[in-house]
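Beneath this line is the structure, given in structure tokens, with notes to follow.
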Amino acid sequence: MIPKKIHFVWSGKDFPYPFALAVKSAVFRHPDWRVFLHVWEEPLGNPHWNSILPLVEVIRRDPESVLSETPKVGEKLVALHRAVSATYPAGR
């Protein structure tokens, strides 16, 4: 059985409209599922961020801790995350 959960991970300083739209689309498509948003720093004051807060459960976590827990490929995901420049948070 597939768990009725959707996980998003965000590590940018801003929270653009396309990402908010992705979250809203997931909630619209699966209204009875739990939606989790893993973030390191919350982009407070951002209108797109504020618009999804009633729809998700926010979990403050370091992105690498989330990636490392992925079965079988966690170490590779962490290595890829580290390979992208820290000055390019959207790419991470």
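Keep in mind that what you see is a predicted model, and the values were worked out from it rather than measured.
Contact check for W40 versus V9: no side-chain heavy atoms found under the 4.5 Å cut-off. E75 places none of its side-chain heavy atoms less than 4.5 Å from the side chain of S68. Residues W33 and K5 fail the side-chain proximity criterion, which asks for heavy atoms closer than 4.5 Å. The shortest side-chain heavy-atom distance between N46 and D14 falls under the 4.5 Å cut-off.
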Quiz item: For V39 and V58, what are the C-alpha separation, side-chain angles and deciding distance, and is it a side chain to side chain contact (heavy atoms under 4.5 Å, CB included)?
Solution: CA-CA 7 Å; V39 298; V58 176; 3.9 Å; yes
Quiz prompt | Stepwise side chain to side chain contact (heavy atoms under 4.5 Å, CB included) check, R34 with E57 | solution = CA-CA 8 Å; R34 293 176 69 188; E57 297 177 45; 2.9 Å; yes
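Comment: R61 engages E69 in a salt bridge, judged by a side-chain N to carboxylate O separation of less than 4.0 angstrom. Here E41 does not pair with R60 in a salt bridge; the nearest charged N to carboxylate O distance is not below 4.0 Å.
Side-chain contact check for S51 and K24: at least one donor-acceptor pair (N or O, by modelled atom type) lies under 3.5 Å.
In this structure, F19 and W10 have tilted ring planes: the angle between them lies in the 30° to 60° band.
Distance check: S25 OG to H30 NE2 gives 10.5 Å after rounding to the nearest 0.5 Å. Atom CG of residue L80 and atom CZ of residue R82 lie 11.5 Å apart, to the nearest 0.5 angstrom. Note that CZ of F36 is 10.0 Å distant from CD1 of I6, once rounded to the nearest 0.5 Å. In this structure, CD on E42 lies 8.5 Å from CG on L37, to the nearest 0.5 angstrom.
Note on F8 and L21: separate hydrophobic clusters, where clusters join Ile, Leu, Val, Met, Phe, Trp and Tyr whose side-chain heavy atoms are under 4.5 Å apart, directly or indirectly. Put simply, L53 and L44 are part of the same group of oily side chains (I, L, V, M, F, W, Y) that touch within less than 4.5 Å, one to the next. In the hydrophobic cluster analysis, where Ile, Leu, Val, Met, Phe, Trp and Tyr join through side-chain heavy atoms closer than 4.5 angstrom, W49 is grouped together with V56.
Taking the centre of each ring, F15 and H48 stay at or above the 6.0 Å mark.
Of all the heavy atoms in P54 and N50, the pair that sits closest is CD-O, 3.6 Å. Here the shortest heavy-atom pairing between T70 and L77 reads OG1-CD1, 3.6 Å.
Side chain of D62 to backbone of E64: a donor-acceptor contact under 3.5 angstrom is found.
A side chain to side chain contact (heavy atoms under 4.5 Å, CB included) with V27 holds for exactly one of L55, D32, I52; it is L55.
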